[in-house]
There are 2 protein chains.
Amino acid sequence: MPQTMTSADLRIHNQARLLRAVHDAAEPFTRAEAARLLGIGRNTAAALVGELEQARLLHEVPAESGARGRPTTMLVPHPEGPLAFAVDFREDTWTLASVELGGAITELEDGEHDRTPKAFADIRAAVARHETGRLAVLGFATSGPIRDGHRLHISHLGWDEVEVRDLIGDGWPATVIDNDARLAGLAEARRGALRGLGTAMHFHIDFDIGGTLLLGGDAQRGAHHIAGEFGHMPLTGSALECMCGVRGCWSLDVGANALVRRFGGETGYGTGRELAQEVLRRAEAGDAEAGEAVDANAAALGRGLGALANALDPEAISLSGLGVDLIRLRRGLIEENCAASLMAFRRDEPPRIAAGTMGEAGPLTGAAEIAWDAILTPVWLRERL
Amino acid sequence: MPQTMTSADLRIHNQARLLRAVHDAAEPFTRAEAARLLGIGRNTAAALVGELEQARLLHEVPAESGARGRPTTMLVPHPEGPLAFAVDFREDTWTLASVELGGAITELEDGEHDRTPKAFADIRAAVARHETGRLAVLGFATSGPIRDGHRLHISHLGWDEVEVRDLIGDGWPATVIDNDARLAGLAEARRGALRGLGTAMHFHIDFDIGGTLLLGGDAQRGAHHIAGEFGHMPLTGSALECMCGVRGCWSLDVGANALVRRFGGETGYGTGRELAQEVLRRAEAGDAEAGEAVDANAAALGRGLGALANALDPEAISLSGLGVDLIRLRRGLIEENCAASLMAFRRDEPPRIAAGTMGEAGPLTGAAEIAWDAILTPVWLRERL
DNA sequence: GAGCTTATGTTCTCACCTAGAACATAACAA
DNA sequence: TTGTTATGTTCTAGGTGAGAACATAAGCTC
């Protein structure tokens with residue numbers, strides 16, 4: 001319990017609260033509003049903001065006066081303030097972006113990669129091309145579980161527990177890394193469909209299902225940093241064996257693999273995504289067989305969600321990837337099957353099921369969030385101020 | 001964000017940290033140790049403790065000097081300090097206890113009840129018989145989900161969403177209430193088998209399975225206060241319909257009902273517990289049919305635990321109720337089946353599965369914890385100091 | 001048993017923080 | 001032009017923990 005609290009810590013604490021409020025706010029606000037929001041006096045707010053402006057963390061710009069009263073200033077990110085960089089490392093491509101306080105994203109560069117760990121060197125080079133003194137922390141989103149936060153396993157790239165410290169080490173800026181599905185969920189919780197909820201869940205449906213439990217706006221990581229493999233619970237009674245080594249996984253019935261299998265395509269990671277999209281298109285166009293496959297997918301999705309809702313009682317569930325298509329095409333079927341899996345007494349208050357609002361930007365946005373989480377800490381601020 | 005922080009709040013904050021440290025400590029400690037623990041100076045520690053002694057929250061007693069140095073004092077609960085009362089409301093009986101800072105429990109009274117809400121009046125009367133000015137908060141453990149924290153449903157008593165505010169209202173001391181399975185888990189996380197773990201789970205196995213996810217020593221409640229119905233996920237492929245209204249629940253294969261069903265007994269709540277115990281005894285004595293029933297129960301338990309571990313990645317799982325017997329009789333079978341349900345890459349680090357150490361006292365202990373949680377808050381302390 | 005060592009208690013000064021009141025200021029409104 | 005309103009600014013006061021210096025009470029050593 002070494003979180004000592006001295007008078008000076010108090011100042012840092014309140015400044016961190018202020019910066020966090022600016023970062024999290026949907027709309028920028030004025031200094032006077034900040035004082036009310038934090039429950040501090042106008043004088044104290046002036047002092048806090050003044051120091052943060054000195055430290056180039058906040059900037060005050062005149063607010064257009066709409067009402068009476070003496071004009072005030074808006075609190076905006078400082079134009080020379082720290083930046084988070086965010087990387088989304090996908091199957092064949094990556095994106096690098098810069099994110100300022102408040103979450104505004106500027107895409108800097110993207111590229112393809114050859115599916116080998118060399119990709120990280122390319123990304124490092126791209127970071128270097130855009131690096132300025134303003135770069136504070138880099139957030140990195142990748143697929144695959146990252147055991148204990150440093151052993152990265154990406155099956156569709158054939159990476160078997162690659163040591164993250166060998167990929168991101170000397171020469172890199174301060175970096176935080178996490179799983180894309182979890183970060184997509186975090187993005188929804190912070191800035192998307194799950195904003196403001198105490199208990200929520202997010203699932204990314206691709207070849208299989210990855211997800212995360214979001215509590216108080218934070219994504220849960222588990223004891224070994226590998227929580228979230230909801231797709232590998234036997235929720236729908238499949239008799240097949242999953243490539244994860246278990247029989248009956250939910251993912252066998254939901255996602256691209258399930259669609260592909262139905263049409264004799266080759267399941268597994270990295271192939272068949274187009275076929276799955278084709279199935280969706282044909283289903284939308286009225287093809288009966290494709291429609292049945294999508295029906296089965298949606299029904300299995302709903303059944304699993306209901307089961308999970310019994311256990312974890314989320315207020316809402318958001319979906320990304322294929323889940324967005326399934327909601328668009330088969331919302332009713334998902335909700336019916338979810339209700340059927342819900343304990344009867346819960347059916348009058350089912351979890352809200354919605355498409356995530358972050359779309360493709362989810363992992364990148366989540367990566368930016370964990371980077372900013374690392375910045376907006378008392379420790380970091382003490383250094384800076 | 002109204003959690004303002006003024007200099008006075010700072011003092012309260014540090015005093016709360018100190019009291020929390022005393023409450024949570026496995027062994028009492030001295031004032032000098034407290035200073036080191038909290039990272040504050042000896043002078044500050046003296047001031048904090050002095051005020052807490054004034055407020056009759058802490059008491060200093062001379063520590064027996066074993067080493068060199070000037071003798072110091074142990075920090076112990078004040079003999080006239082606040083007390084939490086805790087109630088465990090079970091199927092036919094209840095227990096009332098008094099719990100002091102640090103968690104020491106003194107049983108005050110127990111009784112039977114007639115399964116009607118009148119029981120609460122009896123309990124209130126018992127509280128009154130022991131009530132002193134020292135009673136601060138009452139923690140109440142009951143079975144059944146408590147929707148939104150106030151709509152209590154106990155199926156084996158035939159209580160259908162009874163309004164808690166009608167049972168516990170005017171004339172009651174400040175009361176906090178929660179579910180017995182969740183509180184048993186909380187007790188394990190605070191003072192039992194799950195102490196100190198960041199991510200853990202607890203399951204109470206009776207007629208069916210109730211449980212809770214424990215994160216950072218806190219039991220998760222969900223959006224509607226009804227998280228934890230892990231027994232009502234279809235984890236083991238049962239074809240039966242559950243009384244919860246869903247088909248295939250895990251609870252159909254694990255727990256007393258599953259044992260009873262196998263022997264033609266009447267399943268359901270409130271009956272058959274003796275038969276289940278009888279089956280366990282016969283299995284232990286070598287009876288083949290009973291042994292198979294227990295095997296099936298243990299295997300299904302293990303399979304479900306593995307599936308949940310994939311999703312939530314607990315460091316350890318503790319069990320209470322029938323789970324203790326199953327671990328005693330069939331630990332190997334549980335662990336094998338858990339491993340078989342774990343994704344292959346996790347099998348080298350399976351969750352530790354252990355019997356809870358709180359035994360029957362789990363719900364009562366957990367009820368005391370939530371009561372003390374309500375006391376050890378800045379708001380309550382500000383009133384008192 | 002005297003003197004040394006060690007750990008803790010106690011006292012005092014200092015730097016820091018926020019609250020609150022009083023006053024100043026810059027817009028809008030009548 | 002004058003009043004109203006919301007905000008900025010300044011100053012004082014009360015409270016808090018840090019740190020240094022000193023005091024104290026034990027054990028340890030010779």
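This one's a predicted model, so the numbers in the text were calculated from it and none came from an experiment. To find a chain, count down the sequence lines: A is the first, B the second, and so on, and within it residues start at 1. Basis for what follows: all heavy atoms, side chains included, without hydrogens, waters or symmetry-related copies.
Listed by first and then second residue, the side-chain hydrogen bond (donor to acceptor under 3.5 Å, both in side chains) pairs that reach into residues 375-385 of chain B are B:Asp9-B:Arg382, sequence neighbours excluded. Pairs passing the ring pair (Phe, Tyr, Trp, His ring centres under 6.0 Å) check and including a residue from residues 14-35 of chain B, sequence neighbours excluded, read B:His23-B:Trp372.
Applying the side-chain contact (heavy atoms from CB on, under 4.5 Å) criterion to B:Arg134, with sequence neighbours excluded, gives B:Leu83, B:Thr132. Evaluation of the ring pair (Phe, Tyr, Trp, His ring centres under 6.0 Å) rule for B:His224 yields no partner, not counting sequence neighbours. Remark: A:Phe140 pairs with A:Phe120 by the ring pair (Phe, Tyr, Trp, His ring centres under 6.0 Å) rule, at least two apart or across chains. Under the salt bridge (Lys or Arg N to Asp or Glu O under 4.0 Å) criterion, A:Arg56 pairs with A:Glu80, not counting sequence neighbours.
Toward the 5′ end of DNA chain D lies the nearest nucleotide of A:Thr30, the other residue of the pair A:Thr30 and B:Ala8 mapping further downstream.
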Passes side-chain contact (heavy atoms from CB on, under 4.5 Å), B:Leu197 versus B:Leu214? Steps please. CA-CA 8 Å; B:Leu197 302 184; B:Leu214 296 146; over 6 Å; no
Let's go through A:Leu19 and A:Leu101 carefully: what are the C-alpha distance in whole Å and the side-chain angles of both, what is the deciding distance for side-chain contact (heavy atoms from CB on, under 4.5 Å) to 0.1 Å, and is it a yes or a no? CA-CA 8 Å; A:Leu19 288 172; A:Leu101 183 73; 4.1 Å; yes
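Atoms CG (B:Asp9) and C1' (D:dG17) sit 15 Å apart, rounded to a whole Å. To the nearest angstrom, C1' of C:dC17 lies 14 Å from CG of B:Asn14. As rounded to whole Å, 8 Å separates atom C1' of D:dT7 from atom CZ of A:Arg31. In this entry the distance linking CG of B:Leu38 with C1' of D:dT16 reads 15 Å, nearest Å. The CZ atom of A:Arg36 sits 12 Å away from the C1' atom of D:dT5 (whole-angstrom rounding). One interatomic measurement links the two molecules: CG of B:Leu10 to C1' of C:dT18, which rounds to 11 Å at whole-angstrom precision. In this structure, CD of B:Glu60 is placed 12 Å from C1' of C:dT8, rounded to the nearest angstrom.
Proximity of A:Thr6 to the phosphate of D:dT16: no side-chain N or O atom is located under 4.0 Å from OP1 or OP2. OP1 or OP2 of C:dC16 has not a single side-chain nitrogen or oxygen of B:Ser7 nearer than 4.0 Å.
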Side chains of residues 42-52 of chain B: which donor-acceptor partners sit under 3.5 Å, not counting sequence neighbours?
from	atom 1	to	atom 2	distance (Å)
B:Glu51	OE1	B:Arg11	NH1	3.4
B:Glu51	OE1	B:Gln15	NE2	3.1
B:Glu51	OE2	B:Arg11	NH1	2.4

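Using a 4.0 Å cut-off on heavy atoms, the residues of residues 43-54 of chain B that approach DNA chain D are B:Asn43, B:Thr44, listed by number.
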For nucleotides 22-30 of chain C, 5' to 3', base contacts (B), sugar-phosphate-only contacts (S) and non-contacts (-) with protein non-hydrogen atoms under 4.0 Å give --BBBBBS-
